[in-house]
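Heads up: the structure comes next, in structure tokens.
Note that the coordinates shown come from a computational prediction; the quantities given were computed from them, not determined experimentally.
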Amino acid sequence: ALSSAASDVYKRQGYNQSFNYYKSMRYIAVILTVHNRLDKTVACLNAVFNQREKYSFFNVDVFLTDDGSTDDTSKILRNRFSAKPLHILSGNGNLYWNGGMINSWKAAIEHGGYDGYLWLNNDTIVLPNLWNELEQVDEYSRKQFGKGGIYVGSTKDPLTGEFTYGGFEFTNQWTLKDRFLHPNGHFQLCQCAHGNVTYISHDVVEKMGILCEQYLHGGGDHDYTYLAYKAGFPLIVLKDYVGICENDHQQGGYADFLSMSLKQRIKYLYSPLGFNLHNTLLLQKRCFPYRYPFVSVSYTHLRAHETEAD
């Protein structure tokens, strides 16, 4: 069952062939970046390594960037997982998600020998079915499209069981209104994805490279997956939920925003951990250039008000 919007594009690109071969994935690099939240990181790694021993048909290494944690993350992880294939890298505290993931990804590529790379957030607990789902979808992708793609894992809330992160498609290319594709027991093609638990085949990396270094904190996952989709790589949502993760991007705080001074609002809009206007404009410019002139007007307007506020 393929979603209508994404399916039409893939069909226009001629992806309806069938192949009689399949080169199975065996070597996977798990890519993480962390800043504090030690308990979450330990729980995340425990799930990965416990399942690694159970699903021995995969060889899984973990590359983790500790971006300036102040809670002894690196020291504790080295002691706790000393017998595991965990590569701990250091950041300066200003890498945020995008920079930290790039740091880990570069190290994995330099190490070499991986069939693909699993983006994983340290607040995500992978479920045991992830590994079988990855093997199945890789076989499906190579038979259906003749290449590896991006395999998007969906996560659900630990308390409610409701969908939190995963793949989506745009239902309006001007407003960028989107629709999430919830797992339904079938592979679904999407157009864009979150990076909470998402697998990138080496086929994709050979053509697309890695994340764009211009992003601050978030946004790089949407940029990378959408441009890969536009380049003709299949983005496939896995059949079932493969991770547990609370939604930490809940809508809200509007009343707080309204109570801010103009200068505080502008600071929030520019902050990597706030609205991050820089990333918003960069995404428009790289992925939706037809919208960029209109969106950039807002940027110019805000800059003018910032000058007045100063």
Side-chain angles (χ1 to χ4, degrees), residues 15 17-33 44-65 81-89 101-122 124-155 167 183 187 193 195-211 221 224-225 228 232-243:
Y15 292 135
Q17 313 176 58
S18 178
F19 292 80
N20 295 320
Y21 67 89
Y22 167 57
K23 178 183 177 296
S24 63
M25 62 167 74
R26 282 292 177 265
Y27 298 92
I28 297 176
V30 176
I31 307 300
L32 295 98
T33 185
C44 173
L45 293 177
N46 275 334
V48 170
F49 288 130
N50 289 342
Q51 293 167 25
R52 178 183 183 272
E53 296 175 1
K54 182 177 180 180
Y55 296 92
S56 57
F57 50 85
F58 283 124
N59 291 280
V60 177
D61 296 338
V62 177
F63 293 81
L64 180 150
T65 293
F81 299 102
S82 60
K84 305 297 183 183
L86 173 62
H87 305 261
I88 299 177
L89 312 162
M101 293 295 279
I102 287 173
N103 192 53
S104 296
W105 205 346
K106 284 182 176 179
I109 291 174
E110 183 177 351
H111 183 279
Y114 297 110
D115 298 313
Y117 310 88
L118 182 70
W119 294 346
L120 184 62
N121 278 9
N122 72 324
T124 299
I125 304 298
V126 296
L127 299 174
N129 63 315
L130 168 65
W131 313 101
N132 284 327
E133 289 246 8
L134 286 178
E135 189 171 44
Q136 290 172 21
V137 72
D138 194 56
E139 181 176 4
Y140 170 82
S141 180
R142 294 182 186 280
K143 287 182 176 180
Q144 187 72 17
F145 304 106
K147 63 178 78 173
I150 295 179
Y151 312 141
V152 184
S154 301
T155 62
F187 293 131
N196 294 65
V197 51
T198 294
Y199 178 91
I200 315 294
S201 300
H202 191 67
D203 294 9
V204 180
V205 178
E206 285 185 321
K207 181 174 181 178
M208 302 293 299
I210 60 175
L211 293 164
D221 50 352
Y224 190 90
T225 54
F233 287 100
L235 268 66
I236 307 174
V237 177
L238 301 182
K239 295 178 180 180
D240 200 355
Y241 288 100
V242 295

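Under the side-chain hydrogen bond (donor to acceptor under 3.5 Å, both in side chains) criterion, D203 pairs with R142, sequence neighbours left out. Checked against side-chain hydrogen bond (donor to acceptor under 3.5 Å, both in side chains), W105 has no partners two or more places apart in sequence or in another chain. Applying the ring pair (Phe, Tyr, Trp, His ring centres under 6.0 Å) criterion to F49, with sequence neighbours excluded, gives F81. Under the side-chain contact (heavy atoms from CB on, under 4.5 Å) criterion, H111 pairs with D61, F63, H87, Y114, not counting sequence neighbours. A search for side-chain hydrogen bond (donor to acceptor under 3.5 Å, both in side chains) contacts involving T65 returns N103, S104, not counting sequence neighbours. Residues meeting the side-chain hydrogen bond (donor to acceptor under 3.5 Å, both in side chains) test with K207, sequence neighbours left out: none. Checked against side-chain contact (heavy atoms from CB on, under 4.5 Å), N129 has the following partners two or more places apart in sequence or in another chain: L127, E133, D240, V242. Residues meeting the side-chain contact (heavy atoms from CB on, under 4.5 Å) test with I102, sequence neighbours left out: N98, K106, I210, L211, E213.
Residue D115 holds its CG atom at 8.0 Å from CG of D138, rounded to the nearest 0.5 Å. Atom CG of L130 is separated from atom CD1 of I28 by 7.5 Å, given to the nearest 0.5 angstrom. Residue N50 holds its CG atom at 7.0 Å from NZ of K84, rounded to the nearest 0.5 Å. One distance of note links OH of Y117 with CD1 of I150; it measures 13.0 Å at 0.5 Å rounding. Atom-to-atom distance recorded for T198:OG1 and L118:CG is 7.5 Å, nearest 0.5 angstrom. Distance check, rounded to the nearest 0.5 Å: CG of L235 to OH of Y224 gives 10.0 Å.
Minimum heavy-atom separation, T155 to Y241: O-CE2, 3.5 Å. Closest of all the heavy-atom pairs between V152 and G167 is CG1-N, 3.5 Å. What you find for C44 and I125 is that their closest heavy atoms are N-CD1, 3.7 Å. The shortest non-hydrogen separation linking G149 to S201 is O-OG, 2.7 Å.
Between the side chain of S141 and the main chain of K147, a donor-acceptor pair closer than 3.5 Å is present. Q144 places no side-chain N or O within 3.5 Å of a backbone atom of P234 that could act as its donor or acceptor partner.
Side-chain contact check for F187 versus Q136: some heavy-atom pair is nearer than 4.5 Å. Side-chain contact check for V60 versus W131: some heavy-atom pair is nearer than 4.5 Å. The shortest side-chain heavy-atom distance between F233 and M208 falls under the 4.5 Å cut-off. Between L64 and L45, the closest side-chain pair of non-hydrogen atoms falls below 4.5 Å.
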(request) Test side-chain contact (heavy atoms from CB on, under 4.5 Å) on I31 and I200 and set out the steps. (result) CA-CA 10 Å; I31 307 300; I200 315 294; over 6 Å; no
(request) Check the pair Y151 / L134 against side-chain contact (heavy atoms from CB on, under 4.5 Å), numbers first and verdict last. (result) CA-CA 7 Å; Y151 312 141; L134 286 178; 4.2 Å; yes
(message) Apply side-chain contact (heavy atoms from CB on, under 4.5 Å) to residues W119 and T225 and explain how you reach the verdict.
(response) CA-CA 12 Å; W119 294 346; T225 54; 4.0 Å; yes
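Other residues, nucleotides and ligands contribute at most 12 non-hydrogen atoms within 6.0 Å of the CD atom of E110.
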